[in-house]
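These notes are about the structure you will find just below.
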Amino acid sequence: MAALRGADILARALAAAGVRHLFSLSGNQIMPVYDAALDARLSIVHVRHEGAAVHMADAWGRLTGEPGVALLTGGPGHANGVGALYTALAAESPMVLLSGHAPLAELGRGAFQEMRQADLAAPVTKDSWTAGSAATLGEDIRRALNIARSGRPGPVHVSLPFDVLEARVAAGAIASSPPADSPPVQRLGESAAEAVGAELARAHRPLVLAGPAMANGAGRAACERLAEATGAPVVCMESPRGVNDPALGAFADVLCEADLVVLLGKRPDFTLRFGAAPALAADCRFIVIDPEPAALQRALKTLAPVLRVRLSAVADPLAAAEDLAARARAGASRQWAQDVQKAIRFRPAEWQTLASRPEGPLHPVEVGRAVQRILDGALDAVLVADGGEFGQWAQACTSAPARLINGPAGSIGSAIPFALAARLARPDAAVVALLGDGTFGFHLAEMDTAARARLPFLAVVGNDACWNAEHQIQLRAYGRDRAHGCELLPTRYDQAVMALGGHGEHVTRAADLAPALERALASQRPACVNVMIERAPAPTVARGAALRAGAAH
Ligand SMILES: Cc1ncc(C[n+]2csc(CCOP(=O)(O)OP(=O)(O)O)c2C)c(N)n1
């Protein structure tokens, strides 16, 4: 058998592992991989900024559960992509970043784009290394994919030196570990599962809190099965707003009443106010299940001052959810589960009827209501929500079977790449992204990618001509006369999208919104519905309101 090029070994390993798409921006250092991708039948989605490629791989990982793969060039290309890894890491999203790299033979001599790439990516990945030889590239890929999806999923980086990609290896010399189709699973173990089940059954007001890795796909389904089997409410927390996540309504009202909290891969971090009162009851007990021994230790240390941890175990959250559901015994009262559901669904009654003046800018709630009708009308839908105050309104007012948000990183800007990847992963779903106007600017050029790659989706831009989240901070903290520097223009993003090959709609009156959304969907093109909205501060759902009002809808 003829000798194989390193790039071919790499591409074959990716294809053998089931990878079909590379989210990429080209460059000298990775052109051998582009060439090898042809024979390995890997499609390339060529983006306009490296950050977008990483966000796409992130979204692919979250939606499919299989690592998305981004392929960037070395030096500046790699550096441009690294920032987006932070979002994937915090969201516990399985993905692999492959970056071209200066040739090993030239390192230390001022090679073109020479940089300590693996070091740069290390703090924002689960693991990060530079491939050392062509013969072991297949093993690098298998290892990277397995690390990305094992335990607490997350991003992994491998740098690919140019001479390694170009080196030729005799077929017999290619390292081949047995193909590891899936990483080892850490199960909860029978006695631990029994003990957790007993605690759950004993508790009056138990809550299972799942981490961001459980927000979509198999994780979401496992959460539902666990809730059904145990009767204990299972809540996935993936927002940087934590206990005040607008998608969780008045959840904070019931969280503080729980007498047992099972952390299922959920860190007791800032989002959970470190497990302390008053967010949680002072006598609430904890069970901590985490896939990483180090994270488990940190959780125990965080919770140590309250000395209320009943049990802790190292296990993968998904497997643990399945094991707990299998051993479930009747426990939590139906009333408690209903109270929790009611609190989460709670939205102030006035939101139902809130309307702007007929000619004025719209209120974000009106946008959410109209978009929800689109989502409800679709057989399958993926909702993407991003941005500051408008993003929070979007999360409070809309829902869909699958949802992508920035996640605990609290970053803005990923919505358009997320939507592209969602369209690729779910070709038959309606993909709708709601995002602020400031946020839209981050990856506006990817509307060109969407048009070129024929990945239509609907972007609904809440245009308040402002970085409103920061403007609101200025108003609150420094006063109106010191609010400055956060203005934007009422830009015609719809026209910009039309220039990039998409469909555009400009909405200035509430009555025009629904027809504009329909036309945009019907266009079958990447579409921007640019809605002029008022500068509303993010929604707050008043503490205690849910149970007092009893008005779930
Ligand atoms: C990557 C990143 N940069 C900056 C911020 C800080 N930030 C959070 S919200 C926001 C304003 C977003 O403006 P826009 O998208 O127009 O939404 P609006 O708040 O106006 O509704 C900014 C700058 C961030 N969270 N992430």
Side-chain angles (χ1 to χ4, degrees), residues 23 45 47-49 51-63 68 83-84 86-88 90-91 93 215-216 238-240 246-247 364 367-368 371 374-375 381-400 402-426 429-451 453 455-464 467-469 488 491 493-494 496-497 500 502 517 520 526-531 533 538:
F23 305 110
V45 182
V47 301
R48 306 300 299 264
H49 187 283
V54 172
H55 285 315
M56 289 183 74
D58 173 355
W60 180 275
R62 294 195 214 181
L63 282 177
Y86 183 71
T87 301
S93 170
N216 276 301
E238 58 161 342
S239 163
V367 183
V371 169
I374 300 276
L375 294 167
V382 181
L383 166 68
V384 183
D386 189 9
E389 309 303 70
F390 184 68
Q392 298 304 315
W393 281 106
Q395 289 169 46
C397 299
T398 53
S399 62
R403 187 184 77 144
L404 296 167
I405 63 167
N406 50 10
S411 50
I412 58 171
S414 54
I416 298 176
F418 276 6
L420 261 78
R423 157 62 59 222
L424 204 58
R426 305 275 275 267
V431 178
V432 183
L434 291 119
L435 66 169
D437 52 335
T439 298
F440 194 54
F442 278 60
H443 287 295
L444 170 57
E446 301 307 337
M447 296 304 282
D448 161 83
T449 308
L455 297 172
F457 71 96
L458 176 56
V460 181
V461 178
N463 190 340
D464 54 12
W467 300 95
N468 191 30
L488 287 165
T491 300
Y493 297 106
D494 49 307
V497 168
L500 292 171
L517 291 171
C528 167
V529 178
N530 184 15
V531 189
I533 59 164

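The figures here come from the full heavy-atom set of this structure, side chains too, leaving out hydrogens, waters and symmetry mates.
- Rounding to the nearest 0.5 Å places CZ of Phe23 at 10.5 Å from CG of Asp58.
- Side-chain N or O atoms of Asn216 include one that pairs as donor or acceptor with a backbone N or O of Arg403 at under 3.5 Å.
- No donor-acceptor distance shorter than 3.5 angstrom exists from the side chain of Glu238 to the backbone of Leu404, with no hydrogens or angles considered.
- Across every non-hydrogen atom of Leu458 and Ala520, the tightest pair is CD1-CB, 3.6 Å.
- Relative orientation of the His55 and Phe418 rings is perpendicular, given thresholds of 30° and 60° on the angle between their planes.
- The backbone N or O of Ser93 sits nowhere less than 3.5 Å from a side-chain atom of Arg62 that would complete a donor-acceptor pair.
- For the pair Ile533 and Phe390, the minimum side-chain heavy-atom distance is below 4.5 Å.
- Here the CG-CG distance, from Asn468 to Leu488, works out to 10.0 Å after rounding to the nearest 0.5 Å.
- Side-chain atoms of Asn530 come within 3.5 Å of backbone atoms of Thr491 as a donor-acceptor pair (strictly under, hydrogens ignored).
- The only member of Asp437, Asp494, Val371, Val367 that meets side chain to side chain contact (heavy atoms under 4.5 Å, CB included) when paired with Val531 is Val367.
- Minimum interatomic distance between Phe440 and Ile416 (heavy atoms only, all atoms of both residues): CE1-CD1, 3.2 Å.
- Here the side chain of Asp386 pairs no donor or acceptor atom with the backbone of Ile412 at under 3.5 angstrom.
- Thr87 and Ser411 share a side-chain donor-acceptor pair at under 3.5 Å.
- Across every non-hydrogen atom of Ala394 and Leu434, the tightest pair is CB-CB, 3.8 Å.
- Using a 4.5 Å heavy-atom threshold, the side chains of Leu444 and Val497 count as touching.
- A heavy-atom distance below 4.5 Å is not found between the side chains of Trp60 and Val45.
- Contact detail for Ala385 and Gly391: the closest heavy-atom pair is CB-O, 4.3 Å.
- A donor-acceptor contact shorter than 3.5 Å is absent between the side chain of Arg423 and the backbone of Ala430.
- The minimum heavy-atom distance linking Thr439 with Gly413 is given by the pair CG2-N, 3.5 Å.
- Atom CE in Met56 sits 6.0 Å away from atom CG in Leu424 (nearest 0.5 Å).
- The two residues Pro408 and Pro240 have their closest heavy-atom pair at O-CB, 3.8 Å.
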